[in-house]
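Here is the structure we will look at.
Side chains are part of it too, since the values below use all heavy atoms of this structure and drop only hydrogens, waters and symmetry mates. Throughout, protein chains are lettered first and strands after them, A, B, ... in sequence-line order, and every chain is numbered starting at 1.
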Amino acid sequence: MLQVYNTLSRVKEPFKPLKAGEVSIYACGPTVYNFPHIGNYRTFLMTDNIVRTLEYLGYKVTLVMNITDIDDKTIRDSGIAGVSLKDFTEKYTQEFFRGLDMLNIRKASFYPRATDNVEGMIELARKLIEKGLAYEKGGSVYYRISAFPEYGKLSKINFDEIKIGASVDVDEYDKDNPRDFALLKASTPEEIERGIFYESPWGKIRPGWHTECSVMSMKEFGPTLDIHTGGVDLIFPHHENEIAQSEGATGKPFVRYWMHGEHLIVEGEKMSKSKGNVFTLPEIVEKYGGEVVRFMFLSVHYRKKLDYSEPFAENAKNNYLRLKETLDNLDFALRSADESEYPGDREILEVLPELETQFKEALEDDINTPKAITVFRELSRSANRYLETGKNREVLEKTHALYRRFADVLGLFTAAGEEEKVPDVVLKLVEEREEARKKKDWASADVLRDKIKASGYIIQDTKEGPNLKKVE
RNA sequence: GCCAGAAUGGCAGAGUGGUUAUGCAUCCGGCUGCAGACCGGAGUAUGUGAGUUCGAUUCUCACUUCUGGCUCCA
């Protein structure tokens, strides 16, 4: 039984979707005004892991992730760049998708854009005004927090104790209460000049930040959805506001399970431009490879801070390569598998189902990927041990199948097992080396091995012949 | 200031009221023509101080430190 930690209750709860066998997930996606950094991707990856786990457990999952393509920053920075808002956000939207591919993050079912849903937001504002939960002022529409008694239930913030003047710019907007937030913002002259505005009953407007998520999730899923994900920093105010908007409008529970991913920090410190420690995904993918980065993220539980550093990444890489090596060796062994019986056959056949159970239980425990990786390593060790002495086809196939399943659930080793074309030149060198080895001409054999290595391939001699591997 | 979470070996990370997984790194052994890969073994840790307990890393309290949130933020 899957258990997930629900931010709303602050405990792990048994997961039961609204509709048996189906899960609806809404994930807060990127604001497309810049290259996303690796911390952003950690959160996107967390959602991917949740989806993959749910599917592994047999659920049919629908994931909706929004693209915020209109807000203060996109408007500001497109203006600075002298580009239309649309062209500007399109560029970074593509950049975002490129990053997802690098990490094997599977695509969501839908990626609604804020600019395509402004009508719905206007509708929501109208409804909230009707219910007395929102008001128009100076051409903007604000949510009246005092009219929603449950405000604060997600973040557990006691608003009486917060010094309002210190943290909220009172002068910026003409609101009844400084904590009230904008559903729709009156357009500025500059925005109107640039054509960034929408007609509404209250004049020209553009959406506020929080409104889109309520509208787009309810558009797809109705008033209540199963899981809503995002980074911990979104708990307040973003998700708190989403609850106020949605539940205020529908009177029904908005989200059943709130799941929040912890932040990624760098060498013990928060990423920030002033510290110069903000990394974009392409930067570190170029250094370590996308799957290694994915593995690195998987090796820390999503509710724990991940402290990125070079030694940490190197460590992850070694761990990753070790697991991959076993898969390669299984692939290699399968080529010479036979039907004979080997002494280790029974033991590993007994252990495989046990490992799968453990793997599943790890993921059922609030998507505990580090624990799942530990089980994966145990499978790796069992497999390696078997490969020392046995090559029974059935055993190898079963072991390989389980290995593959683990890898697929974790989104790893997608390219493994694909036929790689080894250049003929290299193959010829390998042949020559085998000749030399037969003659026990070790000196020539070693020279050839060096040559092969210079061409980018490593040779591993085995009982079944040389196993050729591309240098990572 | 208020709130929340965390503190495990050189590094990363689990679990557990009584022997502290696992991997990387290190050392030793095996396998190997050598190597690689792999297998086996070794050492090294539960922030500090109390309390509960026969016994605590695990429960309680305090302290310290760290990180985050309270304003845009994944």
Original post:
Under 4.0 Å: is that the gap between some side-chain N or O of A:Arg76 and OP1 or OP2 of B:C72?
Top reply: no
Subject >> A:Tyr320 and A:Phe413 aromatic centres sub-6.0 Å >> reply: yes
Sort me out a list of protein N/O and nucleotides 13-15 of chain B N/O pairs below 3.5 Å, or just none if empty.
{"unit_1": "B:A14", "atom_1": "OP2", "unit_2": "A:Lys304", "atom_2": "NZ", "d": "3.3"}

Original post:
With A:Asp233, which of A:His238, A:His263, A:His239 fulfils side-chain hydrogen bond (donor to acceptor under 3.5 Å, both in side chains)?
Top reply: A:His263
Original post:
Strictly by modelled atom types, are A:Lys324 and A:Asn329 linked by a side-chain donor-acceptor pair under 3.5 Å?
Top reply: no
Original post:
Taking atom types as modelled and ignoring hydrogens, do the side chains of A:Thr280 and A:Glu283 form a donor-acceptor contact shorter than 3.5 angstrom?
Top reply: yes
Original post:
B:A21 and B:A42: how far apart are their P atoms, nearest whole angstrom?
Top reply: 11 Å
Could you write out each protein N or O paired with an N or O of nucleotides 24-28 of chain B at a distance under 3.5 Å?
{"unit_1": "B:C24", "atom_1": "OP1", "unit_2": "A:Arg322", "atom_2": "NE", "d": "3.1"}
{"unit_1": "B:C24", "atom_1": "OP1", "unit_2": "A:Arg322", "atom_2": "NH1", "d": "2.7"}
{"unit_1": "B:C24", "atom_1": "O2'", "unit_2": "A:Asn318", "atom_2": "ND2", "d": "3.0"}

**OP:** Output yes when a side-chain donor or acceptor of A:Tyr308 lies under 3.5 Å from a complementary backbone atom of A:Leu264, and no otherwise.
**Re:** no
Subject >> Minimal non-hydrogen separation, A:Thr211 against A:Leu183, with atom names >> reply: OG1-O, 2.8 Å
**OP:** Classify the nucleic acid contact of A:Met271 as base, sugar-phosphate or nothing, counting any heavy atom under 4.0 Å across all strands shown.
**Re:** base
Original post:
Testing A:Thr53, A:Leu298, A:Asn104 for side chain to side chain contact (heavy atoms under 4.5 Å, CB included) with A:Leu410, which one passes?
Top reply: A:Leu298
**OP:** Report yes if a donor N or O on one partner sits less than 3.5 Å from an acceptor N or O on the other, where the partners are the side chain of A:Asn467 and the base of B:G36; otherwise report no.
**Re:** no
Subject >> salt bridge (Lys or Arg N to Asp or Glu O under 4.0 Å) partners for A:Asp307, two or more places apart >> reply: none
Original post:
Between B:A6 and B:G15, how far is it from one P atom to the other, in whole Å?
Top reply: 12 Å
Original post:
Using atom P of each nucleotide, how far apart are B:G47 and B:G10 to the nearest Å?
Top reply: 13 Å
Original post:
Considering only side-chain heavy atoms of A:Arg381, which listed nucleotide, B:C70, B:U22, B:C73, is closest?
Top reply: B:U22
Subject >> P-based separation of B:C31 from B:G17 [nearest Å] >> reply: 42 Å
Original post:
Listed by chain and number, what are the side-chain contact (heavy atoms from CB on, under 4.5 Å) partners of A:Glu347, not counting sequence neighbours?
Top reply: none
Subject >> NZ or CZ of A:Arg303 within 45° of A:Tyr5 ring axis and under 6.0 Å >> reply: yes
Original post:
Among all residues two or more places apart in sequence or in another chain, which pass the side-chain contact (heavy atoms from CB on, under 4.5 Å) test with A:Glu388?
Top reply: none
Original post:
Between A:Phe359 and A:Phe376, how do the two ring planes meet: parallel, tilted or perpendicular, split at 30° and 60°?
Top reply: perpendicular
Original post:
Counting only non-hydrogen atoms, which of residues 40-54 of chain A are less than 4.0 Å from RNA chain B?
Top reply: A:Asn40, A:Thr43
Original post:
On a whole-Å scale, what distance lies between the P atoms belonging to B:U67 and B:U8?
Top reply: 14 Å
Original post:
Can you tell me if A:Gln358 and A:Glu354 form a side-chain donor-acceptor pair at under 3.5 Å?
Top reply: no
Subject >> Pair pattern of RNA chain B in dot-bracket, where unpaired bases get dots and | marks partners in another strand, Watson-Crick or G-U under 3.5 angstrom >> reply: ((((((((.[[[)....(...]]].(((((.......)))))....[[[[[..)....]]]]])))))))....
Original post:
What integer number of Å spans the C1' atoms of B:C59 and B:C72?
Top reply: 41 Å
**OP:** Please confirm whether A:His210 and A:Phe181 have ring centers closer than 6.0 angstrom.
**Re:** yes
**OP:** Give a yes or no on whether the ring-centroid distance for A:Phe97 and A:Tyr111 is below 6.0 angstrom.
**Re:** yes
**OP:** Quick one: list whatever passes side-chain contact (heavy atoms from CB on, under 4.5 Å) with A:Asp77, sequence neighbours left out.
**Re:** A:Tyr33, A:Ile80, A:Phe88
Original post:
Which is true for A:Glu388 with a 4.0 Å heavy-atom rule: it touches a base, it touches only sugar-phosphate, or it touches nothing?
Top reply: base
**OP:** Considering non-hydrogen atoms only, spot the tightest contact between A:Leu8 and A:Lys153 and give its length.
**Re:** CD1-O, 4.1 Å
**OP:** Could you measure between the two C1' atoms, the one in B:C61 and the one in B:U53, and give it in whole Å?
**Re:** 16 Å
Subject >> First encountered from the 5' end of RNA chain B, between A:Ser382 and A:His37 >> reply: A:Ser382
**OP:** Remember a base hit wins even if backbone is also touched, and classify A:Leu387 as base, sugar-phosphate or nothing at under 4.0 Å, heavy atoms.
**Re:** nothing
Original post:
Taking the six-membered ring for Trp, are the ring centroids of A:His37 and A:Phe279 within less than 6.0 Å of each other?
Top reply: no
**OP:** Please check if the side chain of A:Tyr403 supplies one atom and the backbone of A:Leu323 the other of a donor-acceptor pair under 3.5 Å.
**Re:** yes
**OP:** Among A:Asp450, A:Asp461, A:Asp446, A:Asp441, find the one that has a salt bridge (charged side-chain N to carboxylate O under 4.0 Å, His left out) with A:Arg433.
**Re:** A:Asp461
**OP:** Pick the P atom in B:C63 and in B:U20, then give their distance to the nearest Å.
**Re:** 31 Å
**OP:** Ignoring the backbone of A:Ile458, work out which of B:C39, B:C70, B:G36 is nearest its side chain.
**Re:** B:G36
**OP:** Check whether the side chain of A:Asn329 and the base of B:C38 form a donor-acceptor pair under 3.5 Å.
**Re:** no
Original post:
Tell me, which of residues 228-235 of chain A have any heavy atom that sits under 4.0 Å from an atom in RNA chain B?
Top reply: A:Gly230, A:Gly231, A:Asp233, A:Leu234
**OP:** For RNA chain B, find the residues of residues 429-442 of chain A with a heavy-atom distance under 4.0 Å and give them by number; none if there aren't any.
**Re:** A:Arg433, A:Arg437, A:Trp442
Original post:
Checking all strands, does A:Asp446 fall into the base, sugar-phosphate, or nothing category for heavy-atom contacts under 4.0 angstrom?
Top reply: base
**OP:** Please list, chain by chain and in numerical order, all residues satisfying ring-ring contact (aromatic ring centres under 6.0 Å, His included) with A:Tyr386, sequence neighbours excluded.
**Re:** none
**OP:** Would you kindly compare A:Arg303 and A:Pro30 by the position of their nearest RNA chain B nucleotide and give the one closer to the 5′ end?
**Re:** A:Arg303
**OP:** Enumerate the residues from residues 103-111 of chain A whose closest heavy atom to RNA chain B is under 4.0 Å, giving them by residue number; use none for an empty result.
**Re:** none
